[in-house]
Structures are given as C-alpha cells and as structure tokens.
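Everything on this sheet refers to the single structure shown next.
The figures that follow rest on heavy atoms only: side chains count, while hydrogens, waters and symmetry mates do not. Lettering of chains follows the sequences in order, A, B, ..., and the numbering in each one begins at 1.
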Number of protein chains: 2
Amino acid sequence: MTSSTYRPASAAEARFLAEYDASAYATPLVTVDPVIVTLRDEQLAVLLVKREEHPFLGSWGLPGGFIDIRNDADPEACAVRKLKEKAAFVSPYLEQVKTVGGRERDPRGWSLTVLFFALIAEDDVPPIDKRLAKWFPLSALPDAMAFDHRALIDCAIRRIRAKAEYTALPAHLLPQRFTLSKMQRVFELVLQRRLTAGAFRRRIEPLVEPIADCFETASHRPAQVYRLRPDSGSLIFEQPLKGARRK
Amino acid sequence: MTSSTYRPASAAEARFLAEYDASAYATPLVTVDPVIVTLRDEQLAVLLVKREEHPFLGSWGLPGGFIDIRNDADPEACAVRKLKEKAAFVSPYLEQVKTVGGRERDPRGWSLTVLFFALIAEDDVPPIDKRLAKWFPLSALPDAMAFDHRALIDCAIRRIRAKAEYTALPAHLLPQRFTLSKMQRVFELVLQRRLTAGAFRRRIEPLVEPIADCFETASHRPAQVYRLRPDSGSLIFEQPLKGARRK
DNA sequence: AGAATAGTGTCTGTAAGACATTATTCA
DNA sequence: TGAATAATGTCTTACAGACACTATTCT
C-alpha cells in the first residue's frame, strides 16, 4: 500500500513506487502501549487488561496492541483508538514517552512499541468491565506482567514525576473544576512529598483562574474553585520545585 | 523469526509461537533517523546525505534507514550502525527524541521512524566523503529535503535547545578538554543568546574539574583547561537558566 | 604600555520554603 | 466556642544576572 497524495518527482520514481512491495522486507512487529494513569484512593493507579491471547495469555498487561496501518493515521491515533476500545475515555491528555524495541521483548519476534501515557481525572474515569480490565495502584502492580510492560510502566511514571517538577502536568489528573487544596494534594501524590501551601499557590496561580462565586463548601472555610486558564498552554514553570516541606 | 531465549509458559503457548507468522500482517515500514549535530564555524550544523535511491533520489536527507531485524539488537543499536556506516564516529552522545509515523510521510507506504540526535565535538568529526554527505549549518539547510526530514531536524534541534536550559547537554559538543570560555560559547550558540561569565561559571563549576597545570595559552591571560567530572552523570541543573545578558 | 581575554567579588532582584496569622464555615 | 481547612503576609535563604574590577599573557 503506497501513499496516495504524494506526487512523484519523475517517471522513474513513479515506476519505482508502483513496483515497490513493502511486504518483501522483514519488518518489526509494531505496537502502541498506553499507560493510562489516574488517581484512586489517594494513589496513582494504572489500567491493565488481562490478556486473552497468546503469548502471556492470562497475564496482566498494558491496553495496547498492533498499529493498524489501514485505520490508524499515526501512532497517536492508534493510541487514542486503543483507549477507546478499552473504555470511552473523554479525550484524556496523551503524551508520547519513548519507543522501545528489540529482538527479545516479544517472543513472536523483533518488536517495537511506541510508549504513551494518558492522564485522566478520577471523576472522568468511565466504568470498566471488571472481567477484562482493572485499575492497579502503583504500589500493588501484579507480580508477573506481560512482556516488558512492568518496565514500560516504570518508565512512563518516571517521566510523569520528572515533568511534575517543572510543569503543571499533574493538572491533567484533576477534573476541570478544582480547589487549590485538591490540586496541591494531586501534586503531592505525584511528587511523593509534601509541599507548602504558600509556595504552591504562588507558583500555580498564574496558570489558573478562579471561577466567580464558585466555592466548595464543607465544615470549614469554603474553598475557591478554579479552572485552568485557557491560555496556560504548556504549563511550564520558570523555576523547578526545590525541596520539600519539613512537617 | 521468533525470539530464542523466551520460555513459553505452556504447551499451548509454545504451539502458538511455533505457528506464528509475523509476516502475515501488514506492518509499517520502520526506520531510524539520526540528526547528527556538531558545531562548524560557530554554527550548529547537521550531517545530511544525498539519497542514491528512490524515492527522493538526489535529495538531501538524514543518514537513517531501515531497521535490520537480523543485525540490530534494538533501535539504539540501529542508530549506532547508521552513524558508523556514514562515518567512523567515536561513540557520540546519542539520545532518542520521539517516534513519528503515519500514512503520508513516506510514499512507499505507512511508515514509522524513530528519531535520534547525536552530538559530536567539532574536533572529533571524522572526514567524510563529500560526494555522499555534507554538513549543513542550520541557517542554510537545503530547500527541499527528503520525506519529512526538515521537520525531524527542527524537532531534534528544539529538543536540544530546550534541554540546554536545564542540563549541560551542550557539553557533548565540546572536546574532552576545554576552557570555560569555550564551553560558554557553545552554550551561547545552542541557546542563541549571550550569557554572563559569572553566572555561567557558578552554574557549570560543579560539573567540571580543572586539569592540573593545564592551560590554554594565547596573547592574553592563559585559560584553565577543564574536563567533565566523571561522576557528573546526567548533567542536570537544579535551576534553569533565567534570562539573557543585556550587552 | 595597551590589547585582549580569563577569572573574581559583590550587589541586587526574584522567587522558593518556612511559618505564623487571619478567615470562614459547620458541628 | 472549637475544629478544621482556606488563604495570606512576611521573613529568610538561595541563586541568577549585572557589572566592575583584578589577573596574566603577548605584542
């Protein structure tokens, strides 16, 4: 299958392309693996599916799979499709991490996988079919997982934690409306350390805007409800976080 | 070709693997493209090769190519092989950027490429066959390039520039021994702005060590020669650079 | 001596962390 | 009134950028 919109530069090139047979060469198996991350019970959790096919039949693994060159426009589209097939996620934040591959990572042969992570707010998590998929907190991942998926998860989580130091990435784990206390808690869970409220607010304030007359009320002072500023774009801070608070 | 070291979990899985034919499914074309970067005449420059095959015959493109699943252990090994095939680079710094793919980027069909960049010191650049390959300064890249290689170069350069803000990545563009002034100049060229000597030295000093009694001499005060500290590892700074100097 | 670059010392501004204090609600 | 959390104000510290000043060599 050759591309349709491309205009060959010469008759010789057109002939070459007409005769080109991509299947004549041995290529790697190519998959996409999304690490779908949310917060559950104050813990980072990832969605795993139970494999219904060989190899690793019955093991837990990432909800990924082969790129379908007929239907996927690009790797991102493939990742979105995988997310849709497992559950009707509402356009979560999706980011490519890296590509890993080699001769040994898949017993079916030389394989390459494009690793993504997706962040989704706890409130936006759709119900899942518990026979097929399950949320695992990071602290209680299954012992034996399919392929190198355990290493892939570690890699994606490292990336998320690293970016939380100098961007507002964890904001994508929050619902659209949130209080700054909730937001701080999410950052603390991702960063695995306590932050001080003053510094956190100063840092995050330029990226959020209060929703007028909207407060979250409880048996204490009501909390202003915020949303991300529509123009806050990449959510990058000038300064990385420095330390942790002592108490 | 299935992996040899894997031990199937069951007889059924062993049977499945024995009968698995990876070539039965349509897979993308899979390539690796390294953006080889050095400094020439006070400018960032990339190595391009003239394509000797269709498509884009005669155009300049990145010195990449197909993954050879027989000989390449993983994508990094493939990138190293590509670098070796074009010139005997001495183990340059190599980093994966991202993977791009889709239906339209290669007229031969749905293709995926794993993008890398390599950094190499001007002094370590081996001589190249000028009929096959050529260094292009970033400011004077060829107008029409093969595939989406122009966009790939832009992407790799953006990554290098971004990391120069919070890591000592540009150090890999220096020879093993260098003066701090030379180092500062390299950072300035990568960052495209002037830096102040005081702040730069404070920042970089923990990552380098002076070589005893080794000075670079000229018609002015001799400059201490430094090398990277062997333990400086990932070369990450606590603080990102903030601004530029005025004059 | 003067040119040229290497290298240092110090001031200032900015922003982070610490922490005490005030604010507001409900039980 | 007290518990609980929200939100603010201020002090201290760390470090980047500015910039003047000293150091050392060669011509």
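Using a 4.5 Å cut-off on side-chain heavy atoms (C-beta onward), B:D41 and B:P137 make no contact.
Between the CD1 atom of B:I204 and the C1' atom of D:dC15 there is a distance of 15 Å, given to the nearest Å. For the pair B:R194 CZ and D:dC19 P, the interatomic distance rounds to 14 Å; values are reported in whole Å. Atom C1' of nucleotide D:dC15 and atom CD of B:E165 are separated by 16 Å, given to the nearest angstrom.
Considering only residues two or more places apart in sequence or on other chains, B:Q43 meets the side-chain hydrogen bond (donor to acceptor under 3.5 Å, both in side chains) condition with B:S139. Scored by the side-chain hydrogen bond (donor to acceptor under 3.5 Å, both in side chains) test, B:D124 finds no partners at all (sequence neighbours excluded). Every side-chain hydrogen bond (donor to acceptor under 3.5 Å, both in side chains) that B:Q96 has, sequence neighbours left out, goes to B:E76. Residues meeting the side-chain hydrogen bond (donor to acceptor under 3.5 Å, both in side chains) test with B:R81, sequence neighbours left out: B:D72, B:E85.
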Could you go through nucleotides 7-9 of chain D and list every protein N or O atom that sits under 3.5 Å from one of its N or O atoms, giving the distance for each pair?
from  : atom 1 : to     : atom 2 : distance (Å)
D:dA7 : OP1    : A:Q224 : N      : 2.5
D:dA7 : OP2    : A:R201 : NH1    : 3.3
D:dA7 : OP2    : A:R201 : NH2    : 3.2

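Applying the ring-ring contact (aromatic ring centres under 6.0 Å, His included) test to every pair with at least one member in residues 130-151 of chain A, sequence neighbours left out, gives these pairs: A:F56-A:F147, A:W60-A:F136, A:F147-A:H149.
If you check D:dG17, C:dC26, C:dA4 against the side chain of B:H220, the one that comes closest is C:dA4. For A:T217, the listed nucleotide lying nearest its side chain is C:dT25; candidates were C:dA18, D:dA16, C:dT25.
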